[in-house]
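Being a predicted model, the structure only gives us computed values, none of them experimental. All chains are named by letter (A, B, ...) in the order of the sequence lines, taking the proteins before the strands, and each is independently numbered beginning at 1.
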Amino acid sequence: MSQQLSEQELVRRQSLTKLRDLGINPYPQALYPVTTRSSEVKKNFEEGKKVMIAGRLMSRRNQGKASFAELQDSEGRIQVYFNRDEICISDDKMMYNDVYKKLLDIGDFIGVEGELFKTQVGQISVRVKNFSLLSKSLKPLPLPKTDAEGNVHDAFTDPEMRYRQRYADLVVNPHVKEVFVKRAKLMHAMRSFFIDRGYYEVETPILQPIPGGAAARPFVTHHNSLDVPMYLRIACELYLKKTLIGGFEGVFEFAKTFRNEGMDRTHNPEFSMMEIYVAYKDYNWMMEFAENLLEHCAIAVNGTTKAEFGGHNINFKAPYKKVTMRQAIIDFTGLDIKNKTEAELTSWCTANGIEVNSTMGKGKLIDEIFGEKCESNYIDPTFIIDYPKEMSPLCKEHRDDPSLTERFELMICGKELANAYTELNDPIDQKERFEEQLKLAAKGDDEAGEFIDYDFLRALEYGMPPTSGMGVGIDRLIMFLTGNESIQEVVLFPQMKPEAKAQKTVELKDNEKAIFDILSKTGSMELNTLKEQAGLSNKGWDKGMKSLSKHGLTSVIKGDDGSLTVMVVE
RNA sequence: GAUUCGGUAGCUCAGCUGGUAGAGCAUCUCCCUUUUAAGGAGAGGGUCCAGGGUUCGAACCCCUGCCGAGUCACCA
């Protein structure tokens with residue numbers, strides 16, 4: 001990690017040494033007895049109240065023997081007022097003149113002890129009596145500023161840098177931090193909603209011998225001592241159902257899930273799902289549960305059921321519309337899929353510009369039609385219900401129509417947010433459906449399951465109570481609630497390509513070495529002769545010469561006749 | 001994978017038909033006891049993503065590569 005330090009980084013390292021020379025530990029061990037936070041100070045202002053606060057120094061305005069600075073803590077910023085003669089009561093003004101003004105830098109964590117007051121302009125501030133350095137910052141932060149009209153100057157906006165250095169992003173972009181505060185609130189709201197209803201939060205394996213419960217390409221890893229392949233989970237469905245078989249009546253899990261597929265602005269290789277299973281319920285109950293849950297979450301996060309996403313206004317207020325998949329397709333295409341054969345659907349797709357291939361079964365074809373022609377039209381939360389049986393291998397058959405299942409997906413802004421079933425609990429039917437999936441997979445449908453989890457079938461044979469289950473995409477939900485169209489904006493540390501390694505610059509490059517080797521034999525040489533002997537490309541020559549003189553290894557001397565001589569610098 | 005745009009100082013960005021790089025903030029020095037995006041004055045700071053080509057001369061034009069963003073395709 002040898003890396004060229006910028007001038008500013010060097011200055012900060014020097015300050016670090018000077019602080020130590022003054023007997024100040026830049027990274028002290030002792031706790032700092034913080035009494036309050038910036039938001040509290042502003043909310044309950046009391047003239048003269050003594051406080052101790054801590055945070056990062058984020059700006060400084062010197063006014064001679066006085067100075068204003070801003071301290072940023074987890075709640076926001078508060079102005080602090082440093083007056084030389086209040087900090088340094090004796091004649092020794094070192095703490096103000098040297099430590100505060102010269103050796104502290106923007107980004108340093110400091111603790112401040114003082115009392116509250118309002119400046120002549122009416123700004124709530126802390127008059128500093130004592131301050132301590134709590135942690136020195138050696139790398140300058142990006143420094144956006146907001147002016148009186150709310151315009152942001154020098155904004156730190158480059159997405160790559162923001163995602164790679166999320167820590168800096170969080171420090172300087174309060175709106176980014178707010179997204180993650182909201183994400184935490186969403187998790188709390190959802191969790192307490194479930195706990196209030198008597199459901200238990202459980203944990204199931206992330207490392208699985210069979211990646212079941214969904215159709216997706218898994219990440220493969222290897223267990224050394226067992227010497228078997230293991231998979232990162234693509235869902236937790238089967239494990240959660242096993243807990244109901246074991247006697248739990250309501251369980252949920254916030255599950256990091258992994259899918260080895262494309263990465264783009266709506267897909268991160270690992271993402272968060274919430275899955276919940278409740279015994280003795282069906283999908284009708286679950287729909288009502290879902291709309292109440294989402295309304296509750298929206299209010300907990302934003303204080304309102306309204307949200308804006310991609311230019312659309314969404315309202316999470318329950319209840320939501322319900323449309324059967326058959327009706328949805330009729331509405332947007334005029335096609336009635338009921339009793340259509342695979343061949344009929346295939347030819348309809350071809351005629352209507354939907355790409356199909358021979359691996360597609362009936363369910364997949366219907367899914368394609370829906371995805372292509374209908375999905376994007378549902379802006380406000382809408383339940384699409386009653387999916388074809390073929391594409392829902394874990395879902396119970398519809399009570400009125402054996403070709404359908406009791407399944408819903410909740411669509412918002414044309415995207416799936418939740419997926420739920422009246423769960424299939426007939427072990428014999430389940431086994432047949434798995435086998436059907438296996439055939440589809442063999443046919444080439446890469447969305448069909450490739451494995452049969454026989455342990456799950458064994459569990460089902462003991463009997464699972466009638467159950468309804470639902471999965472909710474947490475990332476997607478928080479995207480809707482915060483108006484972010486990119487998943488990277490709502491995941492703290494999104495997966496990125498590895499950062500290119502910084503190349504070492506200390507060693508001479510080939511072109512530089514070539515020039516220097518020739519030159520060092522004689523010590524000096526006419527420029528054009530040297531250029532010819534070096535035999536480099538023009539650019540290689542030019543760059544080589546420039547960096548050699550930059551390294552202070554060579555210099556060029558101009559003769560009276562205009563000739564140029566290159567010399568080795570001793 | 002296809003296509004468009006981009007990569008210049010610590011940060012945000014200029015840089016014309018090619019003539020060897022600029023601004024604001026930040027940094028450094030000096031002055032200033034209640035300011036508000038920015039107190040005043042001055043100074044320093046750059047492998048212009050990398051490599052090759054064209055040219056007397058390339059940040060700029062051409063080629064290749066790397067990295068990123070957007071759109072589309074594929075995909076939950």
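With respect to A/Lys364 and A/Asp367, no salt bridge is recorded, no charged nitrogen being found less than 4.0 Å from a carboxylate O.
Among the atoms of the strands shown, only primed sugar atoms or phosphate atoms (P, OP1, OP2) are found under 4.0 Å from some heavy atom of A/Arg259.
Judged by the 6.0 Å distance and 45° axis criteria, A/Lys241 is not positioned over the aromatic ring of A/Tyr277. In this structure, A/Arg60 is positioned above the aromatic face of A/Tyr100, its NZ or CZ under 6.0 Å from the six-membered ring centre and within 45° of the axis.
Between A/Phe480 and A/Phe309, the ring-plane angle classifies as perpendicular under the 30° and 60° cut-offs.
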Next item on the list: Sugar-phosphate means primed atoms, P, OP1 and OP2; the rest is base. With that split, encode nucleotides 33-38 of chain B 5' to 3' as B, S or - using protein heavy atoms under 4.0 Å.
Entry: BBBBBS
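Listed nucleotides B/C75, B/C30, B/U12 differ in distance to A/Lys102; the shortest reach to its side chain belongs to B/C30. When distances run from any side-chain atom of A/Met161 to the nucleotides B/C75, B/G10, B/U12, the shortest one goes to B/U12.
In this entry the distance linking CD1 of A/Ile354 with P of B/C74 reads 11 Å, nearest Å. The distance from atom CD of A/Gln14 to atom P of B/U27 is 15 Å, rounded to the nearest whole Å.
For A/Cys88, the side-chain contact (heavy atoms from CB on, under 4.5 Å) test picks out A/Lys93, A/Met95, A/Tyr96, with sequence neighbours left out.
Looking at A/Asn62, its side chain has no donor and acceptor atom pair within 3.5 Å of the base of B/G39.
At the phosphate of B/C32, neither OP1 nor OP2 sits under 4.0 Å from any side-chain N or O atom of A/Arg84.
Inter-residue side-chain proximity for A/Leu410 and A/Glu416 is flagged as unmet; no heavy-atom pair is nearer than 4.5 Å.
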